[in-house]
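Comments concern the structure below.
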Protein chains: 2
Amino acid sequence: MRTRDADGTRKRILAAATEDFAEHGIAGARVDRIAARAEVAKAQIYAYYGDKLALFRAVFNQNAAVLVEATPFTPDDLPGYAVGLYNGTMDRPDLIRLLTWARLEGVPPNLDDDAWQEKLDQVAAAQTAGVVTPDISPANILAMLAGVALSWSAVAPMVLPPSADDEHRAALRLVIERSFHA
Amino acid sequence: MRTRDADGTRKRILAAATEDFAEHGIAGARVDRIAARAEVAKAQIYAYYGDKLALFRAVFNQNAAVLVEATPFTPDDLPGYAVGLYNGTMDRPDLIRLLTWARLEGVPPNLDDDAWQEKLDQVAAAQTAGVVTPDISPANILAMLAGVALSWSAVAPMVLPPSADDEHRAALRLVIERSFHA
DNA sequence: AGAACGCAACCGACCAGTTGGTAACTTGTC
DNA sequence: GACAAGTTACCAACTGGTCGGTTGCGTTCT
């Protein structure tokens with residue numbers, strides 16, 4: 001038997017679950033496979049996390065914030081922020097998948113509205129300060145910015161030849177600059 | 001028993017499958033449920049389509065083209081094309097879900113490269129004609145354009161308050177115009 | 001007749017979740 | 001320190017139900 005290490009076991013389960021959920025989604029993930037990956041008896045998973053959906057929520061809550069909060073929001077430098085988001089998607093493609101699965105499978109987003117509202121306010125402030133174009137609403141600016149930044153991870157795998165990251169970043173900068181600078 | 005109508009049966013199966021796959025994905029879809037929805041015995045599904053994955057591919061192939069080809073590509077009017085794509089996503093959100101699920105679950109995209117290549121060429125032509133900005137590659141232009149057009153369907157459901165469609169379209173026009181016009 | 005269509009019932013594999021019990025650590029008592 | 005009692009981490013084996021896929025037979029049309 002493995003030596004007793006409750007905390008380590010929890011973490012191994014969560015790590016294995018993150019992989020499996022990112023790869024297969026909720027419906028496609030297999031608890032037995034997660035147990036095998038974590039080198040843990042299946043019963044432990046139920047002891048620690050309740051059931052499959054609760055396990056997914058634990059995985060999701062731990063990781064969802066990571067991507068968004070990993071790149072500091074800079075309303076005065078939207079191109080820089082967009083590139084930061086893009087870098088995040090490249091570093092951790094599994095997080096994007098996790099987010100996408102959650103959306104498709106209808107798991108309540110659970111993103112704190114406060115952080116979002118704060119960003120909206122900051123954009124609005126940048127608009128009145130004359131740094132950001134005033135002719136698009138803050139919500140639409142952020143939505144589109146995120147859309148472009150994520151576009152490679154969403155569209156590229158289907159059709160795009162793998163081209164240089166630097167080129168993507170440059171194009172991204174250009175587009176955000178042109179679109180949203182006052 | 002239902003009156004004999006092979007072709008109608010095929011179509012009812014395909015329609016029911018489209019709904020169920022769009023809602024639940026491949027792993028989450030249930031053949032029994034599809035059969036019930038189509039008011040068809042399960043065995044009919046296997047007789048007509050082989051197995052679950054083949055059924056998904058049939059659904060996918062029938063619908064994937066629809067969204068892309070429904071809006072004519074107009075290299076000289078990229079904003080108009082973007083709005084067309086956006087309208088498509090609003091009219092048939094299920095198609096977006098289908099596409100997304102196919103991507104996540106690793107079903108070979110099967111988009112014909114010819115159509116894609118043709119669009120790339122048309123953009124390149126528009127660039128040399130001086131209608132489209134020359135400082136971003138055609139592939140990146142198309143990827144980002146699609147990204148912005150799809151951004152509401154991907155990002156909005158998580159955070160955005162349901163705002164007016166017209167506002168989205170106007171913002172979209174503005175962004176594409178500023179980003180890609182020569 | 002016979003080919004095409006339709007279906008209820010069935011099957012075997014799989015899978016989320018449970019049980020009953022064992023091994024390792026902790027605490028209390030002398 | 002030594003030993004027992006209590007607690008926590010762990011797990012192999014099982015269970016009940018679900019799901020993809022099949023079979024054998026009835027029905028309808030030509």
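Per chain, numbering begins at 1; letters A, B, ... match sequence-line order. Because the structure is predicted, anything quoted here is derived from the model rather than measured.
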Inset, instruction - Could you walk me through whether Tyr86(A) and Trp152(A) pass the ring pair (Phe, Tyr, Trp, His ring centres under 6.0 Å) test, one step at a time? - result: CA-CA 9 Å; Tyr86(A) 170 82; Trp152(A) 285 277; 5.5 Å; yes

Inset, instruction - Using a strict cut-off of less than 4.0 Å between a Lys/Arg side-chain nitrogen and an Asp/Glu carboxylate oxygen, indicate whether Arg97(A) and Asp94(A) qualify as a salt bridge. - result: no

Inset, instruction - Identify the heavy atoms of Ile136(A) and Phe180(A) that sit nearest to each other, and give their distance. - result: CD1-CE2, 3.9 Å

Inset, instruction - Please report, rounded to the nearest Å, how far the C1' atom of dC19(D) is from the CD1 atom of Ile45(B). - result: 13 Å

Inset, instruction - Mind running a 4.0 Å heavy-atom check of residues 20-34 of chain B against DNA chain D and sending the residues that fall below it, in number order? - result: Ala29(B), Arg30(B), Val31(B)

Legend entry - Distance, rounded to the nearest Å, where Lys42(B) contributes NZ and dC19(D) contributes P: 9 Å

Legend entry - Protein-nucleotide distance (Arg12(B), atom CZ; dC5(C), atom P), rounded to Å: 13 Å

Legend entry - Shortest non-hydrogen contact between Pro138(A) and Gln127(A), atoms and distance: CG-OE1, 3.6 Å

Inset, instruction - Within residues 46-59 of chain A, find the residues that approach DNA chain C with a heavy atom at under 4.0 Å, and present them sorted by residue number. - result: Tyr46(A), Asp51(A), Lys52(A)

Inset, instruction - Among Arg30(B), Arg37(B), Arg33(B), find the one that has a salt bridge (Lys or Arg N to Asp or Glu O under 4.0 Å) with Glu23(B). - result: Arg37(B)

Legend entry - Whole-Å gap separating P (dC11(D)) and CD (Gln44(A)): 6 Å

Inset, instruction - May I ask you to evaluate whether Thr9(B) reaches the phosphate of dG6(C), defined as a side-chain N or O under 4.0 Å from OP1 or OP2? - result: yes

Legend entry - Ionic contact status for Arg178(B) with Asp135(A), cut-off 4.0 Å: yes

Inset, instruction - Kindly give the heavy-atom pair with the smallest separation between Pro79(B) and Ile176(B), and that separation in Å. - result: N-CG2, 3.6 Å

Legend entry - Geometric cation-pi criterion Arg10(B) and Tyr49(B), 6.0 Å radius, 45° cone: yes

